[in-house]
Amino acid sequence: MSENPMPVSGAAAPGPGATTGDVPDEIVHSIHIDASPQAVWDIVSEPGWFINDGTWTEHEIITDGDVSRVTDPVHGEFTIATVELAPPRRAVFRWLGGMAGEVDEAPSNLVEFTIEDHGSGVVLTVRETGFAGLDEDAVVRRQRFEENAEGWVTELELARVRAEGGG
């Protein structure tokens, strides 16, 4: 287990698809994990694995084609579309950026996880885009962006602990 996890980056910067000046369109965070690509893949390839509050939660997942209904015992039901799975290096999902509802009924965010070899383990990077178009209300966009930016730090740490055998 890594004694001192190395956050590789934690920038939340405007991306090329930004459509408003009030909120960046993307969040990018990375973390070093002392585990194999397959161990990390086993975590990030599950739709909605990231719907947690810093403690791993088992979800009920019902999948029909590329759409999964993920039910979290605390946060409720989310619809997550699987866009691409390229084991063990890349998983891409579409969701409503932290809101419950149907992915195809509203603007949604794209969440991409990449796993790259790095030293004794891997670097897991999450890139979530689409905040600039989530809601017409700038306050809501900002709130979703800030909640998710903070949330990815917590969820990547949770993935690190789990992949390194910590539960």
Side-chain angles (χ1 to χ4, degrees), residues 1-20 22-59 61 68 70 72 75 78 80-99 103 107-134 141-167:
M1 219 179 210
S2 173
E3 298 250 339
N4 190 6
M6 176 187 73
V8 177
S9 70
T19 59
T20 65
D22 64 323
V23 65
D25 193 54
E26 73 176 5
I27 296 168
V28 179
H29 286 291
S30 297
I31 191 168
H32 184 268
I33 300 175
D34 285 328
S36 70
Q38 188 63 48
V40 176
W41 172 258
D42 289 345
I43 295 167
V44 303
S45 61
E46 178 181 295
W49 72 270
F50 46 84
I51 301 169
N52 297 291
D53 282 328
T55 302
W56 187 264
T57 303
E58 294 295 329
H59 297 117
I61 302 172
S68 298
V70 179
D72 179 88
H75 301 292
F78 295 83
I80 299 176
T82 299
V83 175
E84 179 184 351
L85 295 176
R89 300 294 177 184
R90 186 169 187 256
V92 184
F93 302 99
R94 184 164 292 288
W95 80 316
L96 297 176
M99 299 177 291
V103 165
S108 58
N109 282 10
L110 195 68
V111 179
E112 175 185 10
F113 300 99
T114 56
I115 302 165
E116 298 177 35
D117 293 322
H118 187 271
S120 63
V122 299
V123 171
L124 170 61
T125 299
V126 61
R127 179 176 183 250
E128 182 175 13
T129 59
F131 290 96
L134 268 186
R141 276 194 304 275
R142 173 59 62 183
Q143 177 183 359
R144 294 284 176 222
F145 178 84
E146 290 175 359
E147 287 173 352
N148 287 24
E150 183 178 314
W152 284 123
V153 173
T154 302
E155 297 310 325
L156 290 184
E157 177 62 16
L158 182 61
R160 182 193 67 77
V161 168
R162 188 163 177 86
E164 291 179 354

Colleague: Tell me the closest heavy-atom pair linking R141 and A132, and the distance in Å.
Modeller: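 It is CD-O, 3.3 Å.
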
Colleague: Where do R160 and L124 land on the side-chain contact (heavy atoms from CB on, under 4.5 Å) test, with the steps shown first?
Modeller: CA-CA 9 Å; R160 182 193 67 77; L124 170 61; over 6 Å; no

Colleague: Not counting sequence neighbours, which residues clear side-chain contact (heavy atoms from CB on, under 4.5 Å) with V83? List them please.
Modeller: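 side-chain contact (heavy atoms from CB on, under 4.5 Å) list for V83, sorted by chain: V92, R94, L110.
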
Colleague: Under the side-chain contact (heavy atoms from CB on, under 4.5 Å) rule, what do F93 and V70 come out as? Steps first, then yes or no, please.
Modeller: CA-CA 13 Å; F93 302 99; V70 179; over 6 Å; no

Colleague: In Å, rounded to the nearest 0.5 Å, how long is the span from CD of E84 to CZ of R90?
Modeller: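 One gets 4.0 Å once the value is rounded to the nearest 0.5 Å.
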
Colleague: On a heavy-atom basis, which atom in A91 and which in L85 lie closest, and how many Å separate them?
Modeller: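 Where A91 meets L85 most closely, the heavy atoms are CB-CD2, 3.8 Å.
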
Colleague: Once the angle between the rings of W152 and W49 is folded into 0 to 90°, is it parallel (under 30°), tilted (30 to 60°) or perpendicular (over 60°)?
Modeller: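 Ring orientation of W152 relative to W49: tilted.
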
Colleague: Just by distance, do the side chain of H32 and the backbone of H118 share a donor-acceptor pair under 3.5 Å?
Modeller: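 It does hold such a pair.
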
Colleague: Tell me, please, which residues at least two apart from P88 pass side-chain contact (heavy atoms from CB on, under 4.5 Å).
Modeller: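 Residues passing side-chain contact (heavy atoms from CB on, under 4.5 Å) with P88: P37, Q38, W41.
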
Colleague: Side-chain contact, heavy-atom cut-off 4.5 Å: I80 with V111?
Modeller: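 With C-beta onward as the side chain, the pair stays apart.
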
Colleague: If I compare all heavy atoms of A39 with all of A163, which pair ends up nearest, and what's the gap?
Modeller: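 Looking at all heavy atoms of both residues, the closest pair is CB-O, 4.3 Å.
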
Colleague: Between D25 (side chain only) and F131 (backbone N and O only), is there a donor and an acceptor less than 3.5 Å apart?
Modeller: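 Confirmed, D25 side chain pairs with F131 backbone.
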
Colleague: If you round to the nearest 0.5 Å, how far is CD1 of I43 from CZ of R162?
Modeller: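 If we round to the nearest 0.5 Å, R162:CZ and I43:CD1 are 6.0 Å apart.
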
Colleague: Please walk me through it: do I27 and V126 pass side-chain contact (heavy atoms from CB on, under 4.5 Å)?
Modeller: CA-CA 8 Å; I27 296 168; V126 61; 5.7 Å; no

Colleague: Among all residues two or more places apart in sequence or in another chain, which pass the side-chain hydrogen bond (donor to acceptor under 3.5 Å, both in side chains) test with T57?
Modeller: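 T57 satisfies side-chain hydrogen bond (donor to acceptor under 3.5 Å, both in side chains) with N52 only.
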
Colleague: Looking at E155 and D53, what are the two nearest heavy atoms and their distance?
Modeller: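 Scanning both residues, the minimum pair turns out to be OE2-N, 4.0 Å.
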
Colleague: Looking only at non-hydrogen atoms, find the nearest pair between D34 and E164 and report the distance.
Modeller: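 So the two residues come closest at N-OE2, 2.7 Å.
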
Colleague: To the nearest 0.5 Å, what is the distance between CG on N109 and CZ on F145?
Modeller: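 Those atoms lie 10.5 Å apart.
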
Colleague: When rounded to the nearest 0.5 angstrom, what distance separates CZ in R144 from CZ in R142?
Modeller: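 So the gap between those two atoms works out to 14.0 Å.
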
Colleague: If every non-hydrogen atom of T82 is compared with every non-hydrogen atom of P47, which pair is closest and at what distance?
Modeller: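 Looking at all heavy atoms of both residues, the closest pair is OG1-CG, 4.0 Å.
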
Colleague: What distance separates T114 OG1 from R127 CZ, expressed to the nearest 0.5 Å?
Modeller: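 Reported to 0.5 Å precision, the distance equals 10.0 Å.
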
Colleague: Looking at E150, I want to see if its CD is surrounded by more than 12 non-hydrogen atoms of other residues, nucleotides or ligands under 6.0 Å.
Modeller: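 Counting neighbours around CD of E150, 12 or fewer heavy atoms of other residues, nucleotides or ligands fall under 6.0 Å, so no.
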
Colleague: Measure the CH2-CG distance between W95 and N148 for me, rounded to the nearest 0.5 Å.
Modeller: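 Here the rounded value is 5.5 Å.
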
